[in-house]
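See structure below.
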Amino acid sequence: MKADPQTDGREVELKFLLAAEADWRRLGLLLAQLAPAQVMAQRNLYLDTPDLLLDALGVMVRIRLHEQRAVATCKAGSRLVDGLMTTGEWEAELPPPQARLWRHEPPAEVPLAALPIAAAVRAVLGDPGANPGLVVRASLDNSRQRFDLSGLHPNAPPLLGCGSLVPFELDRACAAPDHLRYELEVEHAQAGLLREPIGRFLTDNGIGWRQATETKYAWLLRCCAQTAGR
């Protein structure tokens, strides 16, 4: 989650899928030797219209709950190739009264206008007057550990600029008890240049991994479809 309460722009992020929970735990211990861990429990609520208009147009709207905060995010134009994701991203924090509502009892339906990212969603949709009702389509619980790594550390993978901090976010995402995803995300404007050194760092330390081919949201929707089809 970005520190700035309101952001917009282009997100560039590397996504490495870890083979198993043992690899996730091992990597967490390894990264903790390189930088302090910031641990957070997140609940992600993904919104869409009842007829799934946003999904059909390649737009994702999410409310992320963490501690006392609630952050609304819109992503559009996402492209994931060889583990490198680029996407348009707009974020804004909900006011405390709205955040409390979403934490305790998410509304059954909320008009787009009630979200602080409404203007961004409308711009993506190309409809300045759009105000559809949004419902929670799916939810995801995520345990995240964040490590701000510096290339100055002798055991860290080679990073861009010796003194620059690069955020390593280690996720354990749970769509259901039998649907778990273990992922390392590295967000940086020049993330593409970090793919090889980070991949080598993981391999050299015995971490099983592969490049991600789908986003968390796409994975979550696939899990929901599989569950519904049982």
May I ask you to decide whether [X] forms a salt bridge with [Y], counting only side-chain N to carboxylate O separations under 4.0 Å?
| X | Y | result |
| --- | --- | --- |
| Arg146 | Asp148 | yes |
| Asp171 | Lys216 | yes |
| Glu183 | Arg181 | yes |
| Arg144 | Glu185 | yes |
| Arg172 | Glu21 | yes |

task: Please say whether more than 12 non-hydrogen atoms of neighbouring residues, nucleotides or ligands are located less than 6.0 Å from CD in Glu109.
output: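 It does: Glu109 CD has more than 12 such atoms within range.
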message: Other residues, nucleotides and ligands only: do more than 12 of their heavy atoms fall within 6.0 Å of CZ on Arg210?
response: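 Counting other residues, nucleotides and ligands, CZ of Arg210 stays at 12 neighbours or fewer.
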Has [X] got a side-chain atom pairing as donor or acceptor with [Y]'s backbone, closer than 3.5 angstrom?
| X | Y | result |
| --- | --- | --- |
| Asn44 | Ser139 | no |
| Arg103 | Gln68 | yes |
| Arg122 | Ala130 | yes |

query: Taking the inter-plane angle between the rings of Trp209 and Phe16 on a 0 to 90° scale, is it parallel (under 30°), tilted (30 to 60°) or perpendicular (over 60°)?
result: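 Answer is perpendicular, since the angle exceeds 60°.
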task: Under the side chain to side chain contact (heavy atoms under 4.5 Å, CB included) rule, collect the residues that match up with Arg222, sequence neighbours excluded.
output: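 Checked Arg222 against side chain to side chain contact (heavy atoms under 4.5 Å, CB included); matches are Glu214, Trp219, Gln226.
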